[in-house]
S.K.: 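This structure is in structure tokens; I'll ask about it shortly.
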There are 2 protein chains.
Amino acid sequence: MADQHSTLRARRRAQTQQLIQGHAVRLFAERGYDATTVNDVAEAAGVSPMTVYRHFPTKEDLVLADQHGRLVAERVVAAPAADLPLVHRIGGALIGSAAALTGDDRGREFLLTRLRLMISTPALRAKHLDNQYALQQAIIDALGEEAADPETAFHARAAASACLAALHTALVRWAEDDGRSDLPGLIAKALAAVFGESPLSPGDVAGR
Amino acid sequence: MADQHSTLRARRRAQTQQLIQGHAVRLFAERGYDATTVNDVAEAAGVSPMTVYRHFPTKEDLVLADQHGRLVAERVVAAPAADLPLVHRIGGALIGSAAALTGDDRGREFLLTRLRLMISTPALRAKHLDNQYALQQAIIDALGEEAADPETAFHARAAASACLAALHTALVRWAEDDGRSDLPGLIAKALAAVFGESPLSPGDVAGR
DNA sequence: TACCTAAGTGGTAGTGACTATCACTGCGGT
DNA sequence: ACCGCAGTGATAGTCACTACCACTTAGGTA
């Protein structure tokens, strides 16, 4: 929705963001997150500190910013099998998104570096978990009209939070394996560990 | 382990901590977390800003500091029914801790105020979720010797994370109800929503 | 009882994340 | 050709947090 214009300005904006984030993640991985100042990042990217803050509201966002959350939420809503249990819809969306995300090697390596930072740096880990929580609420809101009464809503929130907890467990394990294992498979295994050993049917995986 | 002496010094220390935290939570609730500086808290408590930082490493800890996590971990380990499924052991410990925690009215009201701050303030919410994650790892470590091989450990981590996700869902709901509903009951319901409709047997609730 | 170590407290001067406000430049639409 | 605004930069601030300093006093010891 942002590139409806695809104007030159928007392209340059996206380009600068990518430039800044690239240098930021590289420096954080090299020197450590706390040991690297925003000024260092700005200097490395060849921009002013002000510009960094314009594109990334906080230092943490330099690592955490992505649109994966939005994609997942869209996937849940666009799930073809709306009659399936909620857990399967969310789980399928998570697995499908993970498959799309780990597709190309370049993106996977970058994601892995960011993930390692998120796990090892307390400030990043905390905000990342909060982002997961925001994603949970986005999912609930996305299919909110289906659960009007409080009991159903509570049930849905519990289920969604458990799904994302399983996702997080899988992500940590994937990072520990240095991305060598199959992420969608890990997520499926984590979900199965939580909700019981019912393997997801192929139709459950939304979008792929 | 700190009050092995129960000396005068230790008592005064605990007293000062309680004094500072009391004023902090009150001010945060009245004026808002971001609008209140650590200096304001120090002034209200009648101590120097230095002293605040000595007792609470970060501003967030003024709201988040408690020993509930330690109690929960101990409860899981001390569970009488070590042969029960992991989920039941953790769930039982959570429910039991919640029951003990919401016992007296004075403590419950304070807990409720802190919880409201944790939910509404992004910085507090993030760090609180990270604390929950630390608790998860503490639980896993506490019964770590039982799960040596990676597969079992992965399963245990997924289960523990889902339990804590259910706990969080229940806590949010409890805060929305202004603490009027039964917290242990909410936790049990959230756990049931995640893991299936098997109600916990009385024996599962560790410690009470 | 006199003494001594260390814990608890306070002051000062920092660093670094983040904000408010100003001015400047160049793309994009009229 | 021309205006408007998005993008960028510099300056000066606020505030969380951290050494590093000195002072007081509790708690054990000679």
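Letters A, B, ... mirror the listed sequences (proteins, then strands); counts begin at 1.
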S.K.: I'd like to know if B/E109 pairs up with B/R26 as an ion pair, taking the criterion as any Lys NZ or Arg NE/NH1/NH2 lying under 4.0 Å from an Asp or Glu carboxylate oxygen.
M.R.: no
S.K.: Can A/D130 and A/K127 be counted as an ion pair, charged N to O under 4.0 angstrom?
M.R.: no
S.K.: Determine: side-chain N/O of B/H55 to OP1/OP2 of C/dT9, distance under 4.0 Å, yes or no.
M.R.: yes
S.K.: State whether B/T16 places a side-chain N or O below 4.0 Å from either non-bridging phosphate oxygen (OP1 or OP2) of C/dT9.
M.R.: yes
S.K.: For the backbone of B/D182 and the side chain of B/W174, can you confirm whether one donor and one acceptor N or O come within less than 3.5 Å of each other?
M.R.: no
S.K.: Rounding to a whole Å, what distance do you find between B/Q17:CD and C/dA7:P?
M.R.: 15 Å
S.K.: Can a side chain N or O of B/R13 be found less than 4.0 Å away from OP1 or OP2 on C/dG8?
M.R.: yes
S.K.: Under the rule for ring pair (Phe, Tyr, Trp, His ring centres under 6.0 Å), what residues qualify as partners of B/H168, not counting sequence neighbours?
M.R.: A/Y133, B/H128
S.K.: What's the separation between atom OG in A/S161 and atom CD in A/Q137, rounded to the nearest 0.5 Å?
M.R.: 11.0 Å
S.K.: Only counting residues at least two apart or in another chain, list the ones meeting side-chain contact (heavy atoms from CB on, under 4.5 Å) with A/Y53.
M.R.: A/V38
S.K.: Rounded to the nearest Å, what distance is computed from the CZ atom of residue A/F56 to the P atom of nucleotide D/dG7?
M.R.: 13 Å
S.K.: To the nearest Å, how far apart are B/M50 CE and D/dA22 P?
M.R.: 15 Å
S.K.: Okay, side chain of A/R114, backbone of A/V63: is any donor-acceptor separation there less than 3.5 Å?
M.R.: yes
S.K.: Does atom CD (A/Q67) have a neighbourhood of more than 12 heavy atoms from anything else shown, all under 6.0 Å?
M.R.: no
S.K.: Taking salt bridge (charged side-chain N to carboxylate O under 4.0 Å, His left out) as the test, write out the residues that go with A/E151, two or more places apart.
M.R.: B/R173, B/K189
S.K.: Find the distance B/E43:CD to C/dT9:P and express it as a whole number of Å.
M.R.: 18 Å
S.K.: Listed in order of residue number, which residues of residues 30-41 of chain A have a non-hydrogen atom at under 4.0 Å from DNA chain D?
M.R.: none
S.K.: Please report, rounded to the nearest Å, how far the C1' atom of C/dA17 is from the CG atom of A/D61.
M.R.: 13 Å
S.K.: Strictly under 3.5 Å: I want the nitrogen or oxygen pairs between protein and nucleotides 22-27 of chain C, one per line.
M.R.:
| unit_1 | atom_1 | unit_2 | atom_2 | d |
| --- | --- | --- | --- | --- |
| C/dG26 | N2 | A/R9 | NH2 | 3.2 |
| C/dC27 | O2 | A/R9 | NH2 | 2.3 |

S.K.: Between A/R125 (side chain only) and A/M118 (backbone N and O only), is there a donor and an acceptor less than 3.5 Å apart?
M.R.: no
S.K.: In whole angstroms, how far is the P atom of C/dT21 from the OH atom of A/Y53?
M.R.: 18 Å
S.K.: Indicate whether the side chain of B/T36 and that of B/R31 have a donor and an acceptor atom separated by less than 3.5 Å.
M.R.: no
S.K.: Looking at residues 113-128 of chain A, who's got a heavy atom less than 4.0 Å off DNA chain D?
M.R.: none
